[in-house]
Every structure is written in structure tokens, then in C-alpha cells.
Amino acid sequence: MDFSLTKEQAMLKKLAAQFAEEELEPVAAEIDETHEFPVENFAKMVKLGFTGIGVKEEYGGTGGGMLEKVIAVSEFAKKCMASAATLSIHLIAPHTIQDFGTEEQKQKYLPRLTKGGELGAFALTEPNAGSDAAGVKTVAVYDEATDEYVINGTKCFISGGARAGVLVIFAMTEPKMGTRGMSAFIIEAGMPGFTYGKIENKMGIRGSETAELVFEDLRVPASNMLGKKNGGFKIAMKALNAARIGVAAQAQGVADEAIALAVQYAGERVQFGKPIAALQGIQWYIADMATKTEAARNLTYYAAWLADSGKDFMCEAAMCKYNAAENARFVVNLALQIHGGYGYMHDYPLERMYRDAKITEIYEGTAEVHKVVISRAVMNK
Amino acid sequence: MRIYVCVKQVPDTSGVVAVNEDGTLNRASMQTIINPDDLVAMEQALMIKDATGCQVTAVTMGPPPAEGMLRELLAMGADDAILISAREFGGSDTFATSQIIAAAITYTGLNDEDMIFCGRQAIDGDTAQVGPQIAEKLNLPQISYAAEIKKEGNEVTVKRMLEDGYMMIKQQTPCLVTCISDQDSHPRMMSIAGINAAYKKPYTVLDFETLKDEPLIELDKIGLKGSPTNIFVSFTPPLKGIGVMLEGNDKKTTDKLASMLLEKHVI
């Protein structure tokens, strides 16, 4: 058993850390304040190849797999959770197209997403279909005359949805069949009938734009169906399983940074004549934070390794996401506590990190849904 | 056309600086970085590569772990890398180092259209000697303090920065240029495609056996024994005292200030 990264992975970690420090950190507080998607930083991610992680070079990607995604996303999350979320969620679209697309679809869409500068989005959630994908109300009706699907419905809480050039969306092609009647489609920004609704005002990750998507007689060529007709649920679950490891990486990064900030502050803050780091109460906080975070990292790496090895990783993806997200909240909370009043102030990053960390317990499946997935997997072994 | 970029691994002075009992730096216990001015030299070379498609070769002298730095430069965009590494070269001062690097460049080949770029100086020794010494040993013209470099054919135009202005210099190649950073010079980062290629690009180790018969190598002038520089003591200079504050906005105060500055030969 070898826990070390390859030389290339170690270099990627260094690059991602440098990028996060030099490009993401300087704007993290500002985009949180203004709620603006950092267009320039996304362009820089494209230039350096981050947007092609996990995609084959023949499609404009930069190779690697889930572990490379985890490395980059967690380094980004140390300095800017919103940017980490942007990369993590963007990659779902090219990965899903690579996994399920036809050769023609891959040739057409992957280079645009990997190196062409277009943002990707993944749209499954609807007002009445969050954890329960069977509740999807968006419908796609086949028009034989034009060989198109006519899509009507609304998607909500779609990260990057209003910025994306290429989106993977889900609609019912056989509404009576529930999840077995759902299909996936690739759609593009600017298609007639595709408009945007509300941009959400969120508690955290405010630099990652969350949009409502509206489809009104959106006509999509039948050739844009991703995978088989009525095979959408399987695609959605595979994509979400992978995405969960990305969320664990976000949670990992914010926890790592919170520990670093807490250790630094505890060493500098003098009360009763000595740094608070000399107090055992603080030391025990740090010990708990570090131990749980290291355990979370290893579970996340393990899930990524399973995914990269072609093994089943559904249960471990749920475990690592559930665990890392809960840990992020635990660790950021204690780091803020160690900072006392300063931690509560807007001028310190922990206040933002505290708000940002919470989302990891909610999106790409709530903690409760993960417990369902995990318990089923464990009890049905 | 080929540009050699000479680079050095230096201690990260933002971390802990450790000194051995003999006064030399305890490099093993410190984190290392690529010397900042050398990164600027690499960026200048890569910009010329972007414009002309020339070959960029990273060169360093150091122990085997210096490979990590060279691979990062390959990931930034250098085409190949040369590590000059041998026990016999260890402990070399600037005089000995420049001799060995000059010999390595001669061994590898320096053509009429080629150039050698160095950083102005390294943040550990701050001597700014190795670049100019390489030029002397190769009998090449040298331009120091370069902020902009443009290459056309066998002619290079360099903006050479001075304290209170700049010079524009035209020079035939081959030549050596030492580069400084200015507000506009931001060395590029590695790219992921570059990282993927870094361990596949040509990487050469030149050892003592390979270089010892080069005409530029004088065997009694390499390594610690052959270096004319010896460190007798290294110390942290004492902190300067608190400055003198003069208060007042009248002529008397300014006269007093002027007389104090005159006394210290500042004006």
C-alpha cells in the first residue's frame, strides 16, 4: 500500500496551490461580497488546463482522473470555496459526456468544455425534485417530423446554469415510468426556448452563480440525447456519485485551511500572558480538528482511487462526502471559535468559510440521502 | 536557436533560515524555491520561444534533488533540462560554478544564434557574479539588468534598466543576458499539460567524468577546495537603532535636518 502521490500529482498539487494563492484568494472576499462569478479566473483555469482534468487528451482534456480532480478542487477550496465549487461542478458535464456520449457528441462538445473556455452545467434538480429524482416534471416529447425533442419545464439551483455554454439536462421521456422514463440531453446556451429565471441569493459560495433554467418548447435534435432513451436515471446517478467525491474535496480544502488559520492565530493571540496555543483546551481542539480531517482526506482519496480503478464506488463516494462535509462544518466552527470575536467579523476569512462550508452538507445529495445510500449498501451486502 | 536559462535552487527565505557551524547555509533543513530572478529569466526565454519557436534549455548545478526544480521548469514550458551534478563540484563558489556551467554549455553546444539567460542574482548569496562570469569564461558579450528582450535573426535588442532610467542595447548573438523582474514580469505558472509532459522531456545529467576533460575546466579550480572564496563567519547584522524624529514645520527645523544630513555625508 502506497499513500504517496505520483510526481505529476505532487506537481499538480503545487500548481493548484499556487493558482489558488495568487489568483483565487485575492478575489475570494470580493466575489463573496458582490455575488459575481469570476469570469477572468475561469478563463485562467481553462488556460492552465484545470477544466480538462479527467478528460482524455484527444478531446482537449489534460488527462488524469478523480484523484487529480480531488487534488485541484481541494487546493482551490483552501482559498476560495466558490471557485472550487465552480471547477468541481463544471467537470461533471465533460465527464458525463465522456462516459456516456457518442463519438460525435464527444468530438463536438468536449473540446469546448475542456479548452474552449465554455462553462459546463448539470441540471437535474427541480422545485419538487431534489433528493427524489422521480419527481422530475420537465418533459421531452419526440417530434417525428423534425427528429427533435420538444422540452418543457423548469430546473432550479443549477450551479453555473446561466453562464454555461454546454449543459447536461434531464427530462421525462416516459413520464408515467418515473425514474425509468427519464432521459439525458446535451443542450447549448442560446438554443431557442432556453431562458434563465432567478439567480439565487445564497448564504455561501456566493461567487458561484446558482440559476433557475426555463425550457419553453426548447427544441433539441434527437442526436443530442445522451445515452439511451429512458436511460437518464443511470446517467444521473453515475454523475452524482462522482460529483460527491468532488464535494468531499471542497470540504477537505476548507477544513485544511481552517486548521492552518486556527494554528496560526492560536500561536499569535496572547491572553493571560501567553499565546492561547499554550492552553490545553485549544490544543485539544486542534488535535480533534487535525485527526478528523486526516481521516476524511484518506476516505476521500480512497473513494477517488476506487473510481480511478474502475471499481464500484457508490457507497464510498457517499461516505466520503457525508463525512468530509460534516467534518468541514465541525472544523470551521472550531477554527472560528478559536478566533473568538475576530472570527465572527466579516474582515476575517473564517466568517466566509463558515457560510461556505455548510453547502457541502446539502448539495449533490444531503447528508440524510447519503446515510440512506450507505445503510442500504452496508445492510444489503 | 537555443536559449540556455541558468537557474538556481535557493532556500525559501520566507521560512526558517538555518546556518551550519562553519557558517555555510544548512540547505538540507530548509525548504527550497526557484530563485525569483531566474524565473524571470525563464519567462523572458519562454516569451521568445512563444514568438519564434526556439528551444529553451534549463541548466542548473546542484545535488540530484534539484531535478524537482528542473521538472517544474519543463512543466512551465522549457524543452529540455541539464543537471550538472558531481561530488567534485560541491562547495563551488561563484568563480568555480561559472567555470563548470560555462564548460557544460560548451560541451552541449553554443551556436551563433544562441543566447544564455541568467537571473540578475540569487537571493541566497546576492552576488550577481555567476552570470557575468559565465560570459567572461565563454568570451561572450554580456548585458545585465535586462527588463525586455527582443530577438530578430542574430540580433537581440535589450532594455537595460538603470537606477534612474534605461538603455536600449543592440547586440549580436551569441551573448549572455541577466534578467531582472519589473512590475510587468510575471513568470507563468506550470500548466497541467506541461506537468504531464515534464517527465517525458529530454533530461541530461552531466557528471564529473563527462566534463572533466572540457578545455574550460581547470581541475584545481573547482569544488570547495578550488574555490578562492572562503566563508569565515556568517552572522545576522545588528538591528539599526530607532531613527531621530525632528518636529516642527519651520525653517529652523529644516536647517537642522539639512545640517544633520550634511554631517552624515548624505547630501
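In this text, all values refer to a predicted model and were calculated from it rather than measured experimentally. Throughout, protein chains are lettered first and strands after them, A, B, ... in sequence-line order, and every chain is numbered starting at 1.
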Quiz item: By a 4.5 Å heavy-atom criterion (distance strictly below it), what part of A/Glu23 contacts chain B: side chain, backbone, both, or neither?
Solution: side chain
Exercise. May I ask you to check whether A/Phe42 and A/His90 place their ring centers less than 6.0 Å from one another?
Key: yes
Quiz item: So which heavy atom on B/Ile134 is nearest to which on B/Cys118, and how close?
Solution: CD1-SG, 4.4 Å
Exercise. Enumerate by number any residue of residues 65-75 of chain B whose heavy atoms lie under 4.5 Å from heavy atoms of chain A; in the absence of such residues, state 'none'.
Key: B/Arg71, B/Glu72, B/Ala75
Exercise. Go through the side-chain N and O atoms of B/Thr173 and B/Glu113 and say whether any donor and acceptor fall under 3.5 Å apart.
Key: no
Quiz item: So do the side chains of A/Ile53 and B/Ile192 get within less than 4.5 Å of each other, counting heavy atoms only?
Solution: yes
Exercise. Could you tell me which non-hydrogen atom of A/Asn241 sits nearest to which non-hydrogen atom of A/Ala317, and how far apart they are?
Key: O-CB, 3.4 Å
Practice problem: Examine the side chains of B/Thr210 and B/Asp207 and answer whether a donor and an acceptor come within less than 3.5 Å of each other. | Solution: yes
Practice problem: Under 4.5 Å, counting heavy-atom pairs only, tell me which of A/Gly49, A/Ala16, A/Ala10, A/Gly61 racks up the most with chain B. | Solution: A/Gly49
Practice problem: Evaluate the criterion side chain to side chain contact (heavy atoms under 4.5 Å, CB included) for residue pair A/Phe50 and A/Phe19; output intermediate values, then yes/no. | Solution: CA-CA 10 Å; A/Phe50 287 111; A/Phe19 183 76; 4.0 Å; yes
Practice problem: Please state whether the side chain, the backbone, both or neither of A/Glu57 comes within less than 4.5 Å of a heavy atom of chain B. | Solution: side chain
Quiz item: Among A/Lys47, A/Lys14, A/Lys7, which residue forms the greatest number of heavy-atom pairs with chain B at distances under 4.5 Å?
Solution: A/Lys7
Exercise. To the nearest 0.5 angstrom, please state how far the CG atom of A/Leu5 sits from the CG atom of A/Leu67.
Key: 6.5 Å
